[in-house]
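Note that the numbering runs from 1 along the sequence shown for the chain.
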Amino acid sequence: MTDMTSGYDEFCRFLEQHSGIFLGASKQYLVASRLRRLMAEQGLTSLNELTNRLQLITQVRLKAQVIDAMTTNETLWFRDDHPFQVLEQKLLPEFTDRLASRRLRVWSAACSTGQEPYSIAMILSEYRQQNRFFSAGADILATDISPTALAQARSGEYSTLAIGRGLDPVKLKKHFTELGSGRFKIDPIIAADIDFRALNLQDSYALLGRFDLVFCRNVLIYFSADFKRDILTRIHATLNPGGYLLVGASESVHGLSDLYEMVHCRPGILYKKI
């Protein structure tokens, strides 16, 4: 039987230090469900043994595997719906008028297995087809800490079960090719606008460039208050003047009124760079 009590606090410190994920107390059951298979493969019988091994400088691969296993990759197409309505109905018309011939730059942070950036790209593609003044198009940077999730995202291939989570039949027919055996692949034209990269949100954003729009949704809930503030402050620095930040339905930007202006869209809230 695997012991998930001894060494739990030290493991939590390791996880927060290396990924930003804050577990809090009494989440041993979650750790056990995420790490049981990996620990068995490593011949480890306790969390204490695992934390001791993670301290070794030679265990780079194991550290990456642990962080990957502990990362939540819960996602779906057009999640919460209203951010994509706001994108189509408010933001794209505004950016069309503002940017002239420059390409729109969008960052999908913590993109998981790709549903969010592909959803954004579908909206952008359809808008571009209907609005000749948006001819320059867009570049979407999609980042995540999980190599497993990124591999899935880059493949652009999804099972019937994954497709069924939020993707309507019209968009499925328009933007996907059926491969058979219950699998579908995203249109290469949609995928061409997206650059998938590995990024730990603790790391520097300096090489990412500047953005007009940042989606950082449903990831801040896993971090401590201090780390959330750090991320939001550094995202602000990546935004072009007048750029927008979108966070998850259960997330908000607290204590940063000097950086962001809250914009009510009914439904939904945006945060505009000040």
Original post:
Does the side chain of Y118 come within less than 4.5 Å of I123's, by heavy atoms?
Top reply: no

Original post:
Nearest 0.5 Å, what's the CG-OG1 distance between L141 and T143?
Top reply: 5.5 Å

Original post:
So how far is it from L15 CG to K27 NZ, rounded to the nearest 0.5 Å?
Top reply: 11.5 Å

**OP:** Determine whether the side chains of Q115 and T113 contain a donor N or O and an acceptor N or O closer than 3.5 Å.
**Re:** yes

Original post:
Quick one: ring pair (Phe, Tyr, Trp, His ring centres under 6.0 Å) partners of F22, sequence neighbours excluded?
Top reply: none

Subject >> Within-4.5 Å side-chain heavy-atom neighbours: L208 and R197 >> reply: yes

**OP:** Indicate yes or no: at least one non-hydrogen side-chain atom of H82 is less than 4.5 angstrom from one of C265.
**Re:** no

**OP:** Mind checking the CG-CG spacing from L213 to L245? Nearest 0.5 Å is all I need.
**Re:** 8.5 Å

**OP:** Verify the neighbour count for atom CG of L56: are there more than 12 heavy atoms of other residues, nucleotides or ligands below 6.0 Å?
**Re:** yes

Subject >> same_hphob_cluster(Y222, Y8) at 4.5 Å side-chain heavy-atom cutoff >> reply: yes

Original post:
Judged by modelled atom types alone, do T238 and W107 share a side-chain donor-acceptor pair under 3.5 Å?
Top reply: no

Original post:
Can you list the residues that meet the salt bridge (charged side-chain N to carboxylate O under 4.0 Å, His left out) rule with D81, with sequence neighbours excluded?
Top reply: none

Original post:
Can you tell me how far CD of Q152 sits from OG1 of T75, rounded to the nearest 0.5 angstrom?
Top reply: 11.0 Å

Subject >> Pairwise distance OG(S159) to CZ(R165) - rounded to 0.5 angstrom >> reply: 10.0 Å

Original post:
To the nearest 0.5 Å, what is the distance between CD1 (I67) and CD1 (I21)?
Top reply: 7.5 Å

Subject >> Shared hydrophobic cluster for L179 and I163 (ILVMFWY, side-chain gaps under 4.5 Å) >> reply: no

Subject >> Working for salt bridge (Lys or Arg N to Asp or Glu O under 4.0 Å), residues R37 and E41 >> reply: CA-CA 6 Å; R37 179 181 298 179; E41 292 172 353; 5.3 Å; no

Original post:
What's the verdict on side chain to side chain donor-acceptor pair (under 3.5 Å) for S112 and D144, showing C-alpha distance, side-chain angles and the deciding distance?
Top reply: CA-CA 6 Å; S112 187; D144 201 88; 5.2 Å; no

**OP:** Identify, with sequence neighbours excluded, every residue that meets side-chain hydrogen bond (donor to acceptor under 3.5 Å, both in side chains) alongside S257.
**Re:** none

Original post:
Within the side chain of E16, is there an N or O that forms a donor-acceptor pair under 3.5 Å with the backbone of L23?
Top reply: no

Original post:
Would a hydrophobic clustering, with Ile, Leu, Val, Met, Phe, Trp and Tyr connected at side-chain separations under 4.5 Å, put L87 with L76?
Top reply: no

Original post:
Within 45° of the six-membered ring axis of F14 and under 6.0 Å from that ring's centre, is NZ or CZ of K63 located there?
Top reply: no

**OP:** Measure across A237 and K273 and return the closest heavy-atom pair with its distance rounded to 0.1 Å.
**Re:** O-NZ, 4.4 Å

**OP:** Please report the closest heavy-atom contact between L150 and C111, naming both atoms and the distance.
**Re:** CD2-SG, 4.0 Å

Original post:
Do T96 side-chain atoms and L92 backbone N/O form a donor-acceptor pair below 3.5 Å?
Top reply: yes

**OP:** For residues E49 and R53, determine if any side-chain heavy atom of one lies less than 4.5 Å from a side-chain heavy atom of the other.
**Re:** no

Subject >> Closest approach of R36 to S33 (non-hydrogen atoms, all atoms of both residues) >> reply: NH1-CA, 4.0 Å

**OP:** Tell me, with the steps shown, if K90 and L270 meet side-chain contact (heavy atoms from CB on, under 4.5 Å).
**Re:** CA-CA 11 Å; K90 171 182 168 57; L270 302 176; 3.9 Å; yes

**OP:** Identify whether the distance between the nearest side-chain nitrogen and carboxylate oxygen of E126 and K171 falls below 4.0 Å.
**Re:** yes

Original post:
Hey, is the main chain of G114 close enough, under 3.5 Å, to the side chain of R154 for a donor-acceptor pair?
Top reply: no

Original post:
With hydrophobic residues grouped by side-chain heavy-atom distances under 4.5 Å, do I189 and L172 end up in a single group?
Top reply: no

**OP:** Please test R102 against D212 for salt bridge (Lys or Arg N to Asp or Glu O under 4.0 Å), starting from the C-alpha separation and ending with a verdict.
**Re:** CA-CA 11 Å; R102 179 173 71 76; D212 303 297; 2.8 Å; yes

Original post:
Between L35 and Q65, is a side-chain contact (heavy atoms from CB on, under 4.5 Å) present by the stated rule, with each step listed?
Top reply: CA-CA 9 Å; L35 296 183; Q65 289 176 310; over 6 Å; no

**OP:** Examine distances only and state if a side-chain atom of E94 and a backbone atom of L91 form a donor-acceptor pair shorter than 3.5 Å.
**Re:** no

Original post:
What closest approach, in Å, do A249 and N218 show between heavy atoms, and which atom pair accounts for it?
Top reply: N-OD1, 4.2 Å

Subject >> Donor-acceptor under 3.5 Å (R210 side chain, L239 main chain) >> reply: yes

Subject >> Close side-chain approach of F196 and P117, heavy atoms under 4.5 Å >> reply: yes

Original post:
Which pair of heavy atoms, one from F215 and one from E116, lies closest together, and at what distance?
Top reply: CB-OE1, 3.4 Å

Original post:
Quick one: does Q202's side chain get under 4.5 Å of F227's, heavy atoms only?
Top reply: yes

Original post:
Please walk me through it: do I221 and E251 pass side-chain contact (heavy atoms from CB on, under 4.5 Å)?
Top reply: CA-CA 7 Å; I221 55 174; E251 300 166 329; 3.5 Å; yes

Subject >> Test ring pair (Phe, Tyr, Trp, His ring centres under 6.0 Å) applied to F184 - qualifying residues, sequence neighbours left out >> reply: none

**OP:** Without swapping roles, check the side chain of S108 against the backbone of A142 for a donor-acceptor pair under 3.5 Å.
**Re:** no

Subject >> Short side-chain to backbone donor-acceptor contact, E261 and Y271, under 3.5 Å >> reply: no

Original post:
Can you find a heavy atom in the side chain of I231 that is under 4.5 Å from one in the side chain of L220?
Top reply: yes

**OP:** Quick one: do R234 and D230 satisfy salt bridge (Lys or Arg N to Asp or Glu O under 4.0 Å)? Show the steps, please.
**Re:** CA-CA 6 Å; R234 291 190 292 128; D230 173 61; 3.2 Å; yes

Original post:
Does any pair with a residue in residues 152-178 pass ring-ring contact (aromatic ring centres under 6.0 Å, His included), and if so which ones, sequence neighbours excluded?
Top reply: W77-Y158, W77-F176

Original post:
Checking side-chain contact (heavy atoms from CB on, under 4.5 Å) for the pair T177/D187: CA distance, chi angles, key distance, verdict?
Top reply: CA-CA 7 Å; T177 299; D187 185 338; over 6 Å; no

Subject >> Counterpart residues, ring pair (Phe, Tyr, Trp, His ring centres under 6.0 Å), relative to F11 (two or more places apart) >> reply: none

Subject >> Presence of salt bridge, E157 and R183, under 4.0 angstrom >> reply: yes

Original post:
Hey, any chance L38 and Y29 share a hydrophobic cluster, counting ILVMFWY side chains that come within less than 4.5 Å of each other, even indirectly?
Top reply: yes

**OP:** Grab the two heavy atoms, one from H236 and one from I274, that are nearest each other, plus how far apart they are.
**Re:** NE2-O, 3.5 Å

Original post:
What do the steps show when you test R217 against D80 for salt bridge (Lys or Arg N to Asp or Glu O under 4.0 Å), and what is the final call?
Top reply: CA-CA 10 Å; R217 306 178 61 239; D80 300 323; 2.8 Å; yes

Original post:
Is the backbone of L199 close enough, under 3.5 Å, to the side chain of D203 for a donor and an acceptor to pair up by distance?
Top reply: no

**OP:** For the residue pair L167 and M122, establish whether any side-chain heavy-atom pair is separated by less than 4.5 Å.
**Re:** yes

